[in-house]
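A quick note: this is a predicted structure, and the numbers were derived from the prediction, not measured.
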Amino acid sequence: MVDTMDTDDVDKKQMTDSGSVLPIPWLEKYRPIDFEDIIGNKEAISRFDIFSKKGNIPNVILSGPPGVGKTTTILCLARHLLGSNYKEAVLELNASNERGIDVVRNKIKMFAQTKVTLGLGKHKIVILDEADSMTEGAQQALRRTMEVYSKTTRFALACNTSEKIIEPIQSRCAVIRFTKLNDKQIAEKLIEISKKENVEFNSEGIEALVFTAQGDMRQAINNLQSTSDGFGYISSDNVFKVCDEPHPLFIKDMLKFCTEQNIDEAMKIMHKLYKLGYSPEDIITNVFRVTKTYDLPEFLKLEFIKEIGLTHMRITQGVNSLLQLSSLIARLCKKTLKS
């Protein structure tokens, strides 16, 4: 007797027979499928929306910081443009794939030569994620491939810095720049996901997630899921336990003591953070983040940031002792005294 179950039923049966079903990471579960669902960078995304409707897209370079929706935007474009031909007409290569000169000559070239029947004005798409990590030889080989197969194939390169892409490729592509997402956009998305997943949270917890993410939506969602799985409640303390960063409240208190010229109390907080095991680079990075938004007179804030920047430079050069951080506290108190 022939079993006539559809594929969905077979998948469900296999999943049930194998025991517990592994949940999908929230990052993939809530990855946008339509352009309207992508957060931020509305101008850039509206251009891709027009490309998906009109077809005949150019080769593009999407440049910007991590976690702002570059890859998601390309995937949305490919889905809208190619429809049912999506799987056979899209080749996606990530930094995890080997992408030396051989891959360009063989895999990408073979894909570009493959015949796929598409509608008028539609092309096959090669997506190269983290394109700035490709070797220069591979980029030189890619340049020629882009020219030869321009009638049938388009290339979309996502990278953090377009400067690492060689000039000949940049001149063949439309460069579209993405910027960091603002705090409000990230907070709204985190609250939306928390409500859908029935996760309890408070406003301080969402603020802490936004603070640790620094404009990176991917980081924010991952931290949200980690905190939810670990503690079941999104609070400020729980978030910083998961992310393991110096708590901004300590740093705010430290800056407060610096503005009051209370060097002893400020030193106590700095010594406490150092003894908790945080690296000097983590401490100085969070001191800078907090100082940017801390309520200070403008001229004094600029002086503080200047001193923090100099200390950060010395720490990255290898002078990362407690003495270096203590001298920063002394200089901040001195700046307050002068003002």
Side-chain angles (χ1 to χ4, degrees), residues 180 182-184 186-187 190 200-216 219-220 223-224 226-227 230-339:
K180 277 187 177 182
N182 65 44
D183 293 352
K184 187 183 175 186
I186 293 177
L190 292 175
E200 291 185 19
F201 63 90
N202 60 26
S203 57
E204 288 80 11
I206 298 296
E207 278 177 26
L209 287 169
V210 170
F211 178 83
T212 53
Q214 289 294 297
D216 184 339
Q219 180 79 42
N223 290 346
L224 174 67
S226 301
T227 309
F231 298 97
Y233 181 65
I234 311 300
S235 68
S236 176
D237 289 338
N238 291 346
V239 169
F240 284 106
K241 280 176 190 172
V242 168
C243 301
D244 201 26
E245 287 186 13
H247 203 298
L249 288 179
F250 286 139
I251 294 167
K252 280 182 181 177
D253 288 341
M254 188 184 74
L255 290 171
K256 179 173 170 285
F257 288 128
C258 286
T259 56
E260 293 169 357
Q261 297 152 40
N262 190 342
I263 191 167
D264 293 332
E265 291 300 321
M267 285 286 191
K268 278 180 189 175
I269 294 173
M270 182 60 84
H271 283 229
K272 181 181 179 180
L273 291 174
Y274 192 82
K275 284 178 181 175
L276 283 170
Y278 295 115
S279 71
E281 191 151 354
D282 282 346
I283 294 171
I284 198 71
T285 301
N286 271 22
V287 170
F288 172 66
R289 287 183 193 172
V290 173
T291 306
K292 278 196 302 183
T293 55
Y294 192 70
D295 187 20
L296 282 172
E298 194 68 23
F299 68 93
L300 187 58
K301 186 183 282 191
L302 290 171
E303 290 293 331
F304 272 32
I305 287 172
K306 178 184 170 185
E307 292 298 339
I308 292 163
L310 289 169
T311 306
H312 199 167
M313 181 185 72
R314 293 184 189 116
I315 286 170
T316 52
Q317 288 172 345
V319 191
N320 56 0
S321 64
L322 179 59
L323 182 63
Q324 189 67 245
L325 294 169
S326 301
S327 71
L328 171 65
I329 300 295
R331 292 199 304 277
L332 294 184
C333 290
K334 191 177 178 182
K335 292 288 180 186
T336 312
L337 187 65
K338 283 183 180 178
S339 68

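- When the side-chain hydrogen bond (donor to acceptor under 3.5 Å, both in side chains) test is applied to R331, the partners found at least two apart in sequence or on another chain are E307, T311, S327.
- A 4.5 Å side-chain heavy-atom check between F231 and V242 finds at least one atom pair inside the cut-off.
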Less than 3.5 Å apart, which donor and acceptor atoms pair up between the side chains of residues 294-301 and the rest of the protein, not counting sequence neighbours?
from	atom 1	to	atom 2	distance (Å)
K301	NZ	K292	O	3.1
K301	NZ	Y294	O	3.1

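- Under the rule for a salt bridge (Lys or Arg N to Asp or Glu O under 4.0 Å), the partners of K256 that lie at least two apart in sequence or sit in another chain are E260.
- Evaluation of the salt bridge (Lys or Arg N to Asp or Glu O under 4.0 Å) rule for K241 yields no partner, not counting sequence neighbours.
- Under the side-chain hydrogen bond (donor to acceptor under 3.5 Å, both in side chains) criterion, E245 pairs with N286, R289, not counting sequence neighbours.
- By the side-chain hydrogen bond (donor to acceptor under 3.5 Å, both in side chains) test, K268 pairs with E265, sequence neighbours left out.
- By the salt bridge (Lys or Arg N to Asp or Glu O under 4.0 Å) test, E207 pairs with no residue at all, sequence neighbours left out.
- Annotation: side chain of L249 is not in contact with side chain of I251 (no heavy-atom distance under 4.5 Å).
- Considering only residues two or more places apart in sequence or on other chains, Y233 meets the side-chain contact (heavy atoms from CB on, under 4.5 Å) condition with E200, N202, S235, N238.
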Stepwise side-chain contact (heavy atoms from CB on, under 4.5 Å) test for Q219 and T212: CA-CA 8 Å; Q219 180 79 42; T212 53; 5.7 Å; no
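- H312 meets the ring pair (Phe, Tyr, Trp, His ring centres under 6.0 Å) test with no other residue; sequence neighbours excluded.
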F211 vs D183, side-chain contact (heavy atoms from CB on, under 4.5 Å): CA-CA, chis, key distance, verdict: CA-CA 8 Å; F211 178 83; D183 293 352; over 6 Å; no
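- In this structure, the side chains of S279 and N320 stay at 4.5 Å or more apart for every pair of heavy atoms.
- Among residues two or more places apart in sequence or in another chain, the side-chain contact (heavy atoms from CB on, under 4.5 Å) test is passed with Y274 by P280, L322, L325.
- Annotation for I186 and G215: closest pair CD1-CA, 3.6 Å, computed over non-hydrogen atoms.
- The two atoms that bring C258 and T336 nearest to each other are O-OG1, 3.2 Å, heavy atoms only.
- Listed by chain and number, the residues in a side-chain contact (heavy atoms from CB on, under 4.5 Å) with A208 are S236, V239, F240 (sequence neighbours excluded).
- For F250, the CZ atom counts as loosely surrounded, since its 6.0 Å shell holds 12 or fewer non-hydrogen atoms of other residues, nucleotides or ligands.
- Considering only residues two or more places apart in sequence or on other chains, E204 meets the salt bridge (Lys or Arg N to Asp or Glu O under 4.0 Å) condition with none of them.
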